[in-house]
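Working notes, beginning with the structure itself.
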Amino acid sequence: ITKVMSTPTTVTTVSKVIAAANPNRKAFVIFNNSSNSCYVSCGDVSVASTCTWLIATFASKDWVSPLCYTGPLSAIRNSGTGVITVWEFD
């Protein structure tokens with residue numbers, strides 16, 4: 001790992017990309033810094049009913065693997081707003 005990038009993004013009830021595709025990504029951590037749960041998907045659009053992960057309030061999800069997902073990550077909330085921070089490790 002030679003580089004770490006941190007991207008905080010406000011997420012609402014409209015799907016939003018929280019990390020662009022990154023072919024160099026070796027790992028990532030997503031932290032939900034909010035009192036509202038957040039649905040996160042591997043792809044450009046996140047839908048609550050088909051999300052990849054539900055991240056609870058003030059919780060995180062990480063993906064550290066030899067086969068790390070390098071495509072875009074998106075998120076949506078079922079109510080309210082809040083900040084999601086993604087740390088990417090290249």
Side-chain angles (χ1 to χ4, degrees):
I1 294 178
T2 58
K3 184 165 95 176
V4 177
M5 297 172 289
S6 171
T7 307
T9 305
T10 299
V11 176
T12 66
T13 57
V14 176
S15 181
K16 184 174 193 176
V17 172
I18 58 173
N22 178 354
N24 298 315
R25 184 185 299 146
K26 293 180 178 64
F28 62 83
V29 175
I30 303 169
F31 178 67
N32 181 14
N33 190 17
S34 170
S35 58
N36 297 309
S37 295
C38 192
Y39 299 91
V40 176
S41 298
C42 294
D44 290 320
V45 177
S46 193
V47 178
S49 62
T50 60
C51 72
T52 307
W53 303 290
L54 171 60
I55 302 179
T57 61
F58 303 105
S60 63
K61 171 65 182 162
D62 61 64
W63 189 330
V64 180
S65 168
L67 301 173
C68 185
Y69 176 73
T70 59
L73 295 164
S74 61
I76 191 170
R77 295 184 187 280
N78 59 354
S79 66
T81 64
V83 174
I84 287 279
T85 301
V86 179
W87 286 271
E88 292 185 87
F89 302 89
D90 291 357

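Contact record, I84 with V11: CG1-CG2, 3.9 Å, taken as the closest heavy-atom pair. In terms of heavy atoms, A48 sits closest to I76 at N-CG2, 4.1 Å. Here the shortest heavy-atom pairing between L73 and I30 reads CD1-CD1, 4.3 Å. The two atoms that bring C42 and W63 nearest to each other are SG-CZ3, 4.1 Å, heavy atoms only. The two residues R25 and A19 come nearest to each other via the heavy atoms NH2-CB, 4.0 Å. What you find for C38 and N32 is that their closest heavy atoms are N-ND2, 3.7 Å.
A chain of hydrophobic side-chain contacts below 4.5 Å, direct or via other Ile, Leu, Val, Met, Phe, Trp or Tyr residues, connects I55 to Y69.
At least one donor-acceptor pair under 3.5 Å links the side chain of S74 to the backbone N or O of S46. Panel note: side chain T12, backbone V14; a donor-acceptor pair is recorded below 3.5 Å. The closest donor-acceptor contact from the side chain of K16 to the backbone of T10 lies under 3.5 Å. In terms of modelled atom types and a separation under 3.5 Å, the side chain of N36 and the main chain of T81 share a donor-acceptor contact. Judged purely by atom type and a 3.5 angstrom limit, T85 has no side-chain atom pairing as donor or acceptor with the backbone of F31.
Other members of the cluster containing V83 do not exist, because no ILVMFWY side chain is joined to it at under 4.5 Å.
Side-chain contact between V29 and F89: present, with at least one pair of heavy atoms (C-beta onward) separated by less than 4.5 Å. Looking at V86 and S6, their side chains never come closer than 4.5 Å, going by heavy atoms from C-beta outward. The closest side-chain heavy-atom distance from W87 to S60 is not below 4.5 Å. Within the 4.5 Å cutoff, the side chain of M5 has heavy atoms near those of the N22 side chain. Taking 4.5 Å as the limit, every side-chain heavy atom of V4 sits out of range of all side-chain heavy atoms of E88.
Tested against Y39 for a side chain to side chain contact (heavy atoms under 4.5 Å, CB included), the candidates N78, T52, V47, T50 yield a single pass: N78.
Summarising the geometry, atom NZ belonging to K61 is positioned 12.0 Å from atom CG belonging to L54; distances are rounded to the nearest 0.5 Å.
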